[in-house]
Amino acid sequence: MSEDAALNSQESVDKLNQAYRAIREQMSRVIVGQDEVIDELLIALFSRGHCLLEGVPGLAKTLMISTLSRCLSMTFARIQFTPDLMPADITGTDVLQTNRETGEREFRFIQGPLFHNVVLADEINRTPPKTQAALLEAMQERQVTVGQTRHLLSDPFFVLATQNPIEQEGTYQLPEAQQDRFMFKVFVKYPSFAEEKQIATQTTSIQSDEIEPVLNGQEILELQRIVRQVPVTDHVVNYALALVRQTRFQEDGAPEFIKDTLSWGAGPRAVQYLLLGGKARALLNGRTYVSTEDIAELAAPVLRHRIVTNFSAESEGITADHVIERLVRETPSKEGELTQDPRFKKIFAA
């Protein structure tokens with residue numbers, strides 16, 4: 001690497017780190033703890049991915065997303081998903097209007113809340129599949145089709161969704177195709193004793209939660225380009241492929257415990273998001289290269305909503321996270337061990 005290239009690389013790392021620290025500092029004015037969740041939200045942001053947050057009520061999922069949006073100088077919309085929400089309510093619709101100059105009647109498209117940079121899909125599992133499906137094209141193609149016309153969405157565009165795992169009455173489970181569009185599925189856990197004490201004290205007294213914008217849309221697009229420029233070695237790519245391809249129990253080389261616990265494995269998007277997330281995580285940690293540790297740390301949020309446990313596993317209390325944890329533990333991270341292992345030779349040859 002030339003001196004100029006090295007300088008540019010270091011400047012890029014410094015630029016993203018500065019943005020990361022500034023956003024974290026602003027969010028800490030409102031959000032107590034949840035460091036891992038915030039990190040994964042920011043990794044998704046810098047990787048141009050969408051994020052699904054799951055947790056019981058009262059863990060500040062909605063507040064976390066709305067606070068993040070206030071740190072960004074971009075348009076924001078919150079959609080409260082309900083059983084009576086229709087696709088046109090979020091995508092927009094054609095309205096028949098009269099042209100005052102010509103007197104002719106013509107259709108005019110009225111944009112829905114998807115036409116914002118940051119969209120909070122609150123309690124996304126409370127709306128029927130018909131409305132959930134309206135998000136598919138928007139999340140993947142960054143556009144919506146109404147009638148015979150395609151309407152491009154603004155860029156950058158993020159869908160940050162929340163769902164409640166304990167209230168099942170009046171909810172509709174997200175289809176696998178819908179979940180696959182989310183880069184991460186993040187579990188929001190209960191706070192520690194010290195964090196909950198701080199929350200109780202902070203939220204029951206007079207406080208100021210003024211948030212200052214840190215990044216605008218153009219700056220985020222620039223940071224996303226920086227993330228994609230981070231190099232990845234063949235070994236790290238092979239490691240990511242090994243993790244994902246082992247989840248496909250019908251493939252040669254899949255371990256026995258996978259065949260016993262899974263009924264469906266992860267698709268190619270899992271590899272893409274592992275590598276993109278690994279690049280962003282490396283930069284957040286001050287590195288210009290991706291390590292297998294980056295991939296391993298992101299395996300759970302990338303894979304947990306892309307693999308399906310079977311009845312046998314569920315009856316024994318084995319969750320997707322248990323499977324992923326064992327998968328990471330039994331996959332060699334060193335290059336020689338990975339490429340020379342007979343089982344992994346079958347995976348790479350398939």
Side-chain angles (χ1 to χ4, degrees), residues 30-31 34 37-38 40-41 44-45 48-70 72 74-95 109-147 151-154 156-189 269 273 301 304-306 308 320:
V30 178
I31 304 298
Q34 302 293 358
V37 176
I38 293 174
E40 289 172 356
L41 271 175
L45 174 73
R48 200 170 180 257
H50 310 292
C51 201
L52 175 64
L53 273 65
E54 182 176 293
V56 300
L59 296 184
K61 301 184 298 297
T62 301
L63 179 61
M64 203 178 307
I65 294 173
S66 62
T67 304
L68 174 60
S69 72
R70 291 162 62 189
L72 310 173
M74 299 190 297
T75 60
F76 170 74
R78 172 180 174 175
I79 308 172
Q80 188 65 48
F81 280 73
T82 57
D84 61 346
L85 196 71
M86 298 298 291
D89 295 330
I90 62 175
T91 62
T93 188
D94 288 322
V95 177
F109 179 67
I110 304 298
Q111 295 181 348
L114 281 183
F115 287 83
H116 289 79
N117 298 114
V118 182
V119 176
L120 166 55
D122 209 7
E123 296 189 290
I124 190 174
N125 58 332
R126 287 199 174 277
T127 199
K130 183 177 182 179
T131 305
Q132 292 175 2
L135 283 171
L136 286 173
E137 182 183 14
M139 294 172 67
Q140 185 64 33
E141 307 295 337
R142 262 75 175 180
Q143 66 181 28
V144 296
T145 302
V146 178
H151 303 274
L152 297 179
L153 298 174
S154 52
F157 173 73
F158 305 100
V159 174
L160 305 175
T162 69
Q163 67 177 12
N164 182 349
I166 60 175
E167 294 182 16
Q168 297 303 318
E169 187 174 349
T171 63
Y172 304 84
Q173 184 176 357
L174 287 180
E176 281 71 21
Q178 178 78 60
Q179 294 191 57
D180 197 37
R181 262 63 177 188
F182 287 100
M183 178 177 184
F184 290 155
K185 181 178 182 180
V186 180
F187 287 158
V188 184
K189 302 176 182 178
R269 280 198 189 94
Y273 284 139
R304 62 166 58 109
H305 56 300
R306 291 185 166 88
V308 180

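Just so it is clear, the values below take in all heavy atoms, side chains as well, and ignore hydrogens, waters and symmetry mates.
- Using a 4.5 Å heavy-atom threshold, the side chains of Cys51 and Glu40 count as separate.
- Going from atom CE of Met139 over to atom CE of Met183 covers 12.5 Å, rounded to the nearest 0.5 Å.
- By the side-chain contact (heavy atoms from CB on, under 4.5 Å) test, Arg142 is found to be paired with Arg48, His50, Phe157, residues two or more places apart in sequence or in another chain being considered.
- A pairwise comparison of heavy atoms in Tyr172 and Pro129 identifies CD2-CD, 3.8 Å as the closest pair.
- Among all heavy-atom pairs drawn from Leu153 and Ala138, the shortest one is CD1-CB, 3.7 Å.
- Leu135 places a side-chain heavy atom less than 4.5 Å from the side chain of Ile124.
- Taking every heavy atom of both residues into account, Thr131 and Ile90 meet most closely at O-CD1, 3.8 Å.
- Pairing each heavy atom of Pro128 with each of Thr82, the nearest pair is CD-O, 4.1 Å.
- Scored by the side-chain contact (heavy atoms from CB on, under 4.5 Å) test, Ala77 finds Pro113, His116 as partners (sequence neighbours excluded).
- For Phe76, there are no ring pair (Phe, Tyr, Trp, His ring centres under 6.0 Å) partners, not counting sequence neighbours.
- In this structure Thr162 satisfies the side chain to side chain donor-acceptor pair (under 3.5 Å) test together with Asp122, sequence neighbours excluded.
- Closest approach of Ala88 to Thr93, counting heavy atoms only: CB-CB, 4.2 Å.
- In this structure, the side chains of Leu160 and Leu53 stay at 4.5 Å or more apart for every pair of heavy atoms.
- Residue Gln140 qualifies as enclosed at atom CD: its count of foreign heavy atoms under 6.0 Å is above 12.
- Counting heavy atoms from C-beta outward, Phe182 and Val159 have side chains that approach closer than 4.5 Å.
- Judged by distance alone, with hydrogens and angles left aside, the side-chain atoms of Thr127 form no donor-acceptor pair with the main-chain N or O of Pro83 at under 3.5 Å.
- The closest donor-acceptor contact from the side chain of Lys61 to the backbone of Gly55 lies under 3.5 Å.
- Here Ile31 contributes atom CD1 and Leu63 contributes atom CG; the two are 4.0 Å apart, rounded to the nearest 0.5 Å.
- Residue pairs satisfying the salt bridge (charged side-chain N to carboxylate O under 4.0 Å, His left out) criterion with at least one member in residues 174-188, sequence neighbours excluded, are listed as follows: Glu54-Lys185, Asp180-Arg269, Asp180-Arg306.
- Applying the side-chain contact (heavy atoms from CB on, under 4.5 Å) criterion to Asn117, with sequence neighbours excluded, gives Met74, Thr75, Ser154, Pro156.
- Of all the heavy atoms in Gln178 and Leu136, the pair that sits closest is CA-CD2, 3.7 Å.
- Using a 4.5 Å heavy-atom cutoff, the side chains of Leu52 and His305 are not in contact.
- Within the structure, salt bridge (charged side-chain N to carboxylate O under 4.0 Å, His left out) pairs that include any residue of residues 84-93 do not occur (at least two apart or interchain).
- Contact annotation: the side chain of Ile79 approaches that of Leu85 to within less than 4.5 Å [non-hydrogen atoms, C-beta and beyond].
- Using bins of under 30°, 30° to 60° and over 60° for the plane-to-plane angle, the ring pair Phe109/His151 lands in the parallel bin.
- Not a single donor-acceptor pair under 3.5 Å links the side chain of Gln163 to the backbone N or O of Leu174.
- Listed by chain and residue number, nothing satisfies the salt bridge (Lys or Arg N to Asp or Glu O under 4.0 Å) test with Arg70 (two or more places apart in sequence, or in another chain).
- Side-chain contact between Gln80 and Arg126 is absent, with no heavy-atom pair separated by less than 4.5 Å.
- Residues that satisfy the side-chain contact (heavy atoms from CB on, under 4.5 Å) test with Glu137, not counting sequence neighbours, are Glu141, Gln143, Thr145.
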